Number of protein chains: 2
Amino acid sequence: MDAPPRWLDREEKAAWDSFIRMQETLIGRLSRRVQTDSGMSASDYIVLVSLTERGGGRMRFLDLAKLVEWEKSRMSHQVTRMAKRGLVAREDCPDDGRGAFIVATPAGYKAIEEAAPQHVEHVRRLFIDALTPNQLSTLGRLSKRVLDHMEKQPD
Amino acid sequence: MDAPPRWLDREEKAAWDSFIRMQETLIGRLSRRVQTDSGMSASDYIVLVSLTERGGGRMRFLDLAKLVEWEKSRMSHQVTRMAKRGLVAREDCPDDGRGAFIVATPAGYKAIEEAAPQHVEHVRRLFIDALTPNQLSTLGRLSKRVLDHMEKQPD
DNA sequence: CGCGAGTAGATGAGCTGTCAACGATTTCGT
DNA sequence: ACGAAATCGTTGACAGCTCATCTACTCGCG
């Protein structure tokens, strides 16, 4: 069948390029910032935020993985490294012999409490402040729309 | 001074979360797609596209690195790997004894010509088709705006 | 009960990215 | 012309991600 590809037209390509470059630059800068400000990687940061904000500092392994939408293997390696640095600890789950809880240690709380304000400040400076409130909410709405659309699509 | 952090308000946070999740999901899906469709990594793809589209198949090493906004070290490793698989080759630069050209091989051209249409199709399916032309151009405009704003900011 | 299927999570190999150091040229100031 | 500094690109060590595989446990069913 091999229909001729429907290449992007000039405007589509311009929009796509801007989006891609913006997103790469933004994410790149933010993660370098987290790294140099706090010594944590962006992954460390996300795990600790999720664990403390949404799980009260203690969460089942797979729930945590689902929350941040990571594969369990990635989470497992990540937790191993973070445990080695004392940011989290593993605990056995009494209800399910296979299971494990991931717990934020005091050092983990300390790390995230120091890093979070700086991170928010950078998000504000680089992203939020670039737009008016209306524009920001538009961007949020459009993002949500793309997200919902993707969820209906096959991989 | 330690001013209290200006946390994101409810609407700011909602917009930020939607954007982040959308962007992660989209990039994740696209790069897995490139991988399984063509056997190339997303990085291979970007390098070959840049090299062939914008450089006519031959480009100075650092120009290529700047074009895709990568560190030279990353590019160097990437080129080494791609050269090993026959997608590109290095050539000495006659004008500058330190320099090098990166050249797309015939196999490299073949690979990118096969992969590009599928990639565009996925971009269309996951992203472009989620929005009306107006919405798409709005998203592009807002992205550009954030990008321009970031370029005025320190790291 | 006992067996097979499914689930929770760990682990190892191999590839990718980052950081710091390095060698090789070129450029620039004097 | 000569030494210092800047530029071009590579390399090695190390952390991170992915994929396949593995163990241990639970659950459902005969």
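Computed from a predicted model, the values in this text were never measured in an experiment. Chain letters run A, B, ... following the sequence lines, proteins first, then strands; residues in each count from 1.
Counted by atom type alone, B/Asp44 and B/Ser41 present one or more donor-acceptor pairs between their side chains at under 3.5 Å. Using modelled atom types and a 3.5 Å distance limit, the side chains of B/Thr80 and B/Arg90 yield a donor-acceptor pair. Using modelled atom types, one finds no donor on one side chain facing an acceptor on the other under 3.5 Å when comparing B/Gln35 with B/Arg32. Residues B/Asp129 and A/Gln153 bring no donor and acceptor atom of their side chains to less than 3.5 Å of each other.
Spacing between atom CD1 of B/Ile27 and atom P of C/dG17 amounts to 14 Å, rounded to whole angstrom units. Remark: P of C/dG9 and CE of A/Met59 are 12 Å apart, rounded to the nearest angstrom. The distance between atom CG of A/Asp92 and atom P of D/dT26, rounded to the nearest whole Å, is 11 Å. In this structure, CD of B/Glu24 is placed 11 Å from P of D/dC17, rounded to the nearest angstrom. Between B/Gln35 atom CD and C/dG14 atom P the separation is 17 Å, expressed in whole Å. For A/Glu71 and D/dG16, the CD to P distance is 17 Å, given to the nearest whole Å. Atom CE in A/Met82 sits about 10 Å away from atom P in D/dG16, given to the nearest Å. At whole-Å resolution of the value, CZ in A/Arg33 and P in C/dT18 are 17 Å apart.
With a 4.5 Å cut-off on side-chain heavy atoms, B/Phe19 and A/Leu142 do not count as touching. Side chains of B/Arg60 and B/Cys93 form a contact here, defined as non-hydrogen atoms less than 4.5 Å apart. The side-chain heavy atoms of A/Phe61 and A/Met75, taken from C-beta on, include a pair separated by under 4.5 Å.
Remark: B/Ser43 is in phosphate contact with C/dG17, judged by side-chain N or O atoms under 4.0 Å from OP1 or OP2. The shortest distance between the side-chain N/O atoms of B/Gln78 and the OP1/OP2 oxygens of C/dG17 is below 4.0 Å.
A salt bridge does not link A/Asp155 to B/Arg33: none of the charged side-chain nitrogens sits closer than 4.0 Å to a carboxylate oxygen.
For the pair A/Ser41 and A/Gly97, both in contact range of DNA chain D, the more 5′-proximal nearest nucleotide belongs to A/Ser41.
For B/Tyr45, the ring pair (Phe, Tyr, Trp, His ring centres under 6.0 Å) criterion is met by B/His119, not counting sequence neighbours.
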Listed pairs, N/O of protein and of nucleotides 3-5 of chain D, under 3.5 Å:
none

Checklist line | Letter per nucleotide, 5' to 3', of nucleotides 6-15 of chain D [B base touched, S only sugar-phosphate touched, - untouched; heavy atoms, 4.0 Å] | finding: -BSBBBB---

